[in-house]
Number of protein chains: 2
Amino acid sequence: MAITTGTGQRPTIRMVAELAGVSTATVSYVLSGRSGDGGPRVSDPTADKVRSAAEKLGYRPNQAARAIRTGRTNTVILSLTMLSDPWSLSVIEAVQRAAAPLGITPMILGDAEWVKVLGTHNADAVFVDAVGERDRDEPRRLAAHGTTLVVFDELLEPAGFDVIRSIAGPGCGLVMAHLLDGHRNIGCLTTSTASGSRGAPRYLAYVEALGAAGIPVQEDYVGVFDGTSAGAYATATRLLGQRDRPTALYVTSDYAAISAINAAQRLGLTVGQDVDIIGVGNTVEGERMSPSLSTVGPVDLFDRLARLLLQRATGTGPDAEPGVLDFPWQLFVRESAPHRGAATRLY
Amino acid sequence: MAITTGTGQRPTIRMVAELAGVSTATVSYVLSGRSGDGGPRVSDPTADKVRSAAEKLGYRPNQAARAIRTGRTNTVILSLTMLSDPWSLSVIEAVQRAAAPLGITPMILGDAEWVKVLGTHNADAVFVDAVGERDRDEPRRLAAHGTTLVVFDELLEPAGFDVIRSIAGPGCGLVMAHLLDGHRNIGCLTTSTASGSRGAPRYLAYVEALGAAGIPVQEDYVGVFDGTSAGAYATATRLLGQRDRPTALYVTSDYAAISAINAAQRLGLTVGQDVDIIGVGNTVEGERMSPSLSTVGPVDLFDRLARLLLQRATGTGPDAEPGVLDFPWQLFVRESAPHRGAATRLY
DNA sequence: CTGTTAGCGCGTTCAG
DNA sequence: CTGAACGCGCTAACAG
């Protein structure tokens, strides 16, 4: 039984050693499980004495002290800029899944604090999801000073750190090509039409593809919403509710596309037949819904990201040299926007 | 100028001392700013030598080592169960705002890992947003072993840790009383009607208030949605789109209420006139929108929570004894559901 | 007034 | 199984 009231102070390995009547070295060997495995053998009775003393005191080894000696913290840091973005949640989930069996704890850093924090707080590996304009050189400097880094960026080159690359532009072109093979009245639902914004390249792909096909961009076929799913629903309702509605909808995120499908269904339209809807991002939610969402995006991004990060953290990876992990985007043709050859064209 | 390529190893205070030609003590005094303040004074030339050596090496003091000596990590941990919930984001933002000027870094712990993690990873203070059934005794044990804890819970009593309390039930009763003073056809938009779920007490308040007023609960006045804002929008559209629509809508979260207002407006209804809509939670978003959202909720919860947490972390608080920080819920009557006396009753 | 020596507090780990 | 050194940065006490 553990003592339930304490001194207000944290028990140390010395207290455990004293209570068990052994040396701190023995306690360390027993509790870190290193007895036998290269370290000295500790007899069962002694080990039991140590364990019961530790439990009695509620002893937990101090990770900070351990880190000083071993250089390992059993921690990975995730620096995530947009915590409200479902993308961030997917990263967190994947890393948590991968880290739990290894006894590694993922800690999340909001904002862009990594620039200040990472030099002083240590972790076995760090994932950074966005490198600002002013910090382009920071990853290299941190890596040079011993920080194990995995950076998500479209342009940065590896230099002692890994780079994860997932470029949207060409993939969005694939989507438009797919829709253009069967449709001419293609609407677009997007968060932003302004250049420079994050969604910009996705919208640009729409404009360019239409232009290349000789189709003018119609104002009432482009719906800009505020980023919320309710906004997407409302804007999709407007686009699809008009008399001369588009026969296909290109939506610049899977989450918005799911809202658009709901909106279409509420309008009495059969998605994948009366109207084709396609998203961007390749999220699991889109794959699992009904009708399943056609989309484009990287394959298995989050799990592979998590795997790399934890390989780096534990030092168990196959390739020692940091490099680029590229995620080319693929088109996933599913029910919400099936294939339409010229033969099966509806109009 | 900082050297930009390094050894792959982290520079230590000893390397800085050697490069500057001084002792490690001097380096420590200079870099921690403690020279003069009780400690020895260091001459300007020496201090400059130290600083330039430190910068040349890219030296950053090791927080883990510092923590061992000082017992302070300059870190607070936020253990947040539902990272996708806007509530969590509000906590994070408030704590980040409060922590930044103090040089304290908030680290976020997803899931319910705090039970395993907190004994070994140290922070100056920890916030826990939900204590599961199996862990009711953990906060007391952690506190007894030196962890500074602030727990969000409706029932737990302080025992070496602080408790933040914010009870929804009575507040939701206030909302219903407000609506019942002018309405009889009151609809409800909620995520769950099942007892035991998180939203349950909020829905219960609806049922009980109607019952007390002798009004039966109509099935077509209750809309259950999936928790997404698109779902709220769609369900609100259904509730308000029917012939015999409710004249007031009680929505069990502010975020859903905002979606409901959008839905009502799209249906051509004037909110606050044709239909009253009221939320739960008292979020800033509701306050700032137009029409402003009537709601009920705690006042200033996030900022006061952040303030308490950081007082505990720095040990600067006024009251030394941990206790209960209670947030009684208040009714905020704004434009989306204004006052309606018997005199101004619409029906 | 300026700087150093030496020991502390952790848990780990090598040589006995 | 133990003694003692080790890694880190901090800081009281001391020396110039």
Side-chain angles (χ1 to χ4, degrees), chain A residues 7 9-51 53-54 57 59-75 119-122 145-146, chain B residues 7 9-51 53-54 57 59-75 119-122 145-146:
Chain A
T7 59
Q9 286 310 304
R10 177 189 200 113
T12 72
I13 199 171
R14 277 166 245 275
M15 300 182 201
V16 178
E18 196 175 353
L19 183 60
V22 298
S23 71
T24 63
T26 303
V27 176
S28 177
Y29 284 129
V30 170
L31 296 182
S32 59
R34 277 199 11 83
S35 72
D37 157 54
R41 250 173 289 277
V42 178
S43 74
D44 281 354
T46 308
D48 283 344
K49 271 196 306 186
V50 169
R51 272 187 283 265
L57 294 174
Y59 170 77
R60 310 285 266 106
N62 184 332
Q63 283 284 8
R66 175 176 283 179
I68 278 187
R69 251 328 271 199
T70 63
R72 292 214 36 205
T73 58
N74 296 318
T75 292
T120 100
H121 289 79
N122 260 1
H145 292 337
Chain B
T7 58
Q9 285 309 304
R10 180 191 196 108
T12 72
I13 199 172
R14 276 166 249 274
M15 301 183 199
V16 178
E18 195 176 351
L19 183 60
V22 298
S23 72
T24 63
T26 303
V27 176
S28 178
Y29 284 127
V30 169
L31 295 182
S32 58
R34 280 204 4 89
S35 71
D37 158 55
R41 249 169 283 277
V42 177
S43 72
D44 281 353
T46 308
D48 282 344
K49 269 196 304 185
V50 169
R51 273 187 284 265
L57 294 175
Y59 170 76
R60 310 285 267 108
N62 183 332
Q63 283 283 5
R66 174 178 284 180
I68 276 188
R69 255 323 268 186
T70 62
R72 291 214 39 205
T73 58
N74 297 318
T75 291
T120 98
H121 288 80
N122 260 0
H145 292 337

- Message: Rounding to an integer number of Å, can you tell me how far B:Arg14 CZ sits from D:dC10 C1'?
- Response: 11 Å
- Query: Heavy-atom contacts under 4.0 Å between residues 65-75 of chain B and DNA chain D, which residues?
  - Reply: B:Ala65, B:Arg66, B:Arg69, B:Thr70
- Query: Minimum heavy-atom separation for A:Ala20 to A:Val50, with atom names?
  - Reply: CB-CA, 4.0 Å
- Item | Heavy-atom closest pair, residues A:Thr75 and B:His121 | OG1-NE2, 2.9 Å
- Message: Taking side-chain contact (heavy atoms from CB on, under 4.5 Å) as the definition, give me every residue that meets it alongside A:Ile13, ordered by chain and number, with sequence neighbours left out.
- Response: A:Thr24, A:Val27, A:Ser28, A:Tyr59
- side-chain hydrogen bond (donor to acceptor under 3.5 Å, both in side chains) with B:Thr12: which residues, sequence neighbours excluded? none
- Task: Please work out if A:Thr26 contacts a base, only the sugar-phosphate, or nothing of the nucleic acid, heavy-atom cut-off 4.0 Å.
- Result: base
- How would you list, by chain and number, every residue that makes a side-chain hydrogen bond (donor to acceptor under 3.5 Å, both in side chains) with B:Ser43, sequence neighbours excluded? B:Thr46
- Query: salt bridge (charged side-chain N to carboxylate O under 4.0 Å, His left out) with B:Arg69: which residues, sequence neighbours excluded?
  - Reply: none
- Message: Please report the end-to-end axis angle for the helix from C:dC1-D:dG16 to C:dG16-D:dC1, five pairs per end, rounded to 10 degrees.
- Response: 50°
For nucleotides 13-16 of chain D, print each protein N/O atom paired with a nucleotide N/O atom at under 3.5 Å, atom names and distance only.
none

- Query: Roughly, in whole Å, what's the span from CD1 in A:Ile13 to P in D:dG7?
  - Reply: 18 Å
- Message: Within the 4.0 Å heavy-atom criterion, would you say B:Val27 contacts the bases, only the backbone, or no part of the nucleic acid?
- Response: nothing
- Just the endpoints, please: which first and last nucleotides of DNA chain C, 5' to 3', lie under 4.0 Å from a heavy atom of chain B? C:dT2 to C:dC10
- State, to 0.1 Å, how close B:Leu31 and B:Arg51 come at their nearest heavy-atom pair, and which atoms those are. CD2-CG, 4.3 Å
- How many Å lie between CD on B:Gln63 and C1' on D:dG7, as a whole number? 17 Å
- Task: Applying side-chain hydrogen bond (donor to acceptor under 3.5 Å, both in side chains), name anything that partners A:Asn122, two or more places apart in sequence or on another chain.
- Result: B:Arg10
- Task: Taking all non-hydrogen atoms of both residues into account, name the closest pair between A:Ile68 and B:Ile68 and its distance.
- Result: CD1-CD1, 3.5 Å
- Note on the structure: Taken in chain and number order and not counting sequence neighbours, the residues that satisfy side-chain hydrogen bond (donor to acceptor under 3.5 Å, both in side chains) with A:Ser23 are A:Thr26
- Taking only residues two or more places apart in sequence or in another chain, which ones pass salt bridge (charged side-chain N to carboxylate O under 4.0 Å, His left out) with B:Arg14? none
- Does the side chain of B:Thr73 reach to within under 4.5 Å of the side chain of B:Arg66, using non-hydrogen atoms? no
- Just call it for B:Ser43: base, sugar-phosphate, or nothing, with non-hydrogen atoms closer than 4.0 Å on any strand. sugar-phosphate
- Query: To the nearest 0.5 Å, how far apart are CZ in A:Arg60 and OG1 in B:Thr120?
  - Reply: 6.0 Å
